[in-house]
Amino acid sequence: MENAAQCKSRTRGFINAMISSCSFGLIPLFSVPVMEAGMETPSLLIYRFFFGAIFILMGMAYMRIGLKITLGQFWRILILALSNDVTALAMVYGYNFMPSGAACTIQFSYPIFTCLLMMAFFHERLTLRTAFAIVLAVVGVAALSGIDMTGCDSRVWIGVGLELLAGLSYAVYLVLVPVLNVSKMDSLKLTFYVFLLGGVLLVLFTLFTPTGIQPIGSLKIGGTLLLLGLVPTAVSNFTLIVGLKNIGSTLTSILGALEPLTAMAVGVLVFAEPFDLVTLLGLVCIVAAVLVLIMKGVKLSSLFSKCSKRR
């Protein structure tokens, strides 16, 4: 019975981790149509985070998770919310300068930045594996950016810079979670407050923009924003938690490689974005760079070993 229970737990973890990465990769599917309808990035993200917070709050109510936090936790979460806002703003702004599939894939280079931050501030050693992963990531970014080496498009460079900033700020977020000592909080509660405070910070940000908070212009746009808050926000974070609890962070990170693949597929199939051999090379290089890092110490032969055992 114990082996059967372990197998069921691992299966649940793999399924939820795949749902999480695929649903997060659907951000362009719901963001791009809203932006094309005239809504600016800050307003789009405000609706995304507040709707996401509402959906997560509903889940917390169902699971009877309290809202109480300490003042110290509040300030720590506020720092995480600021980092999360920078990530979201840079990523979505980047859609204006390059194809959304390529943008999401470049942003997915955040494990590279995480490794560099750990080396810079926590004195982790630069190994041959890490150096090789960084080279792969640089090649992948150059290929996916669509930069013409004979005549550089400055708009593409802006897009690349924004997506690299998104990757860097998300890496900072990942490094700060354990450093700020909030990882012991309930994951749903932590995510709820990150979204809630992130939305509040974005509202303050709009006070310095010419458009302010834009209204939802139609039922269609409202429905799209609800889906944005539900699928690649609330669902993605909830299933991520289930995946982490059942198969751990390493395997969940490996399955996170489905995120840029999903985003690229959406860009090509829905938005008719270009896809050629150079783009494919860039996609493969970035995913390979991430896998080179996160597969360290993981033996592929042992991934499903528990499920293969019979009672």
Between Ile56 and Phe195, is any pair of side-chain heavy atoms under 4.5 Å apart? yes

Quick one: are Leu44 and Met35 in side-chain contact, heavy atoms under 4.5 Å? yes

Would you check if Val231 and Ser236 make a side-chain contact, meaning some heavy-atom pair closer than 4.5 Å? no

Is it the case that one hydrophobic cluster holds both Met98 and Leu269, taking links as side-chain heavy atoms less than 4.5 Å apart, direct or via other members? no

Check each of Val32, Leu29, Ile27 against Val266 using the side chain to side chain contact (heavy atoms under 4.5 Å, CB included) test, and report the only one that passes. Leu29

For Gly38 and Gln214, work out which heavy atoms get closest and say how close. O-NE2, 3.1 Å

Above 12 or not: heavy atoms from other molecules or residues under 6.0 Å from CG of Leu204? yes

Sorted by chain and residue number, the ring-ring contact (aromatic ring centres under 6.0 Å, His included) partners of Tyr93 (sequence neighbours excluded) come out as none

Could you check whether any side-chain heavy atom of Phe55 comes within less than 4.5 Å of a side-chain heavy atom of Val235, counting everything from C-beta outward? no

Is the CG atom of Leu207 crowded by more than 12 outside heavy atoms at less than 6.0 Å? yes

Note, Leu190 side chain near Asp186 side chain (heavy atom, < 4.5 Å): no

Just to verify, what does Tyr170 make a ring-ring contact (aromatic ring centres under 6.0 Å, His included) with, not counting sequence neighbours? Tyr110, Tyr173

Hey, does Leu89 have a side-chain heavy atom less than 4.5 Å from the side chain of Leu202? yes

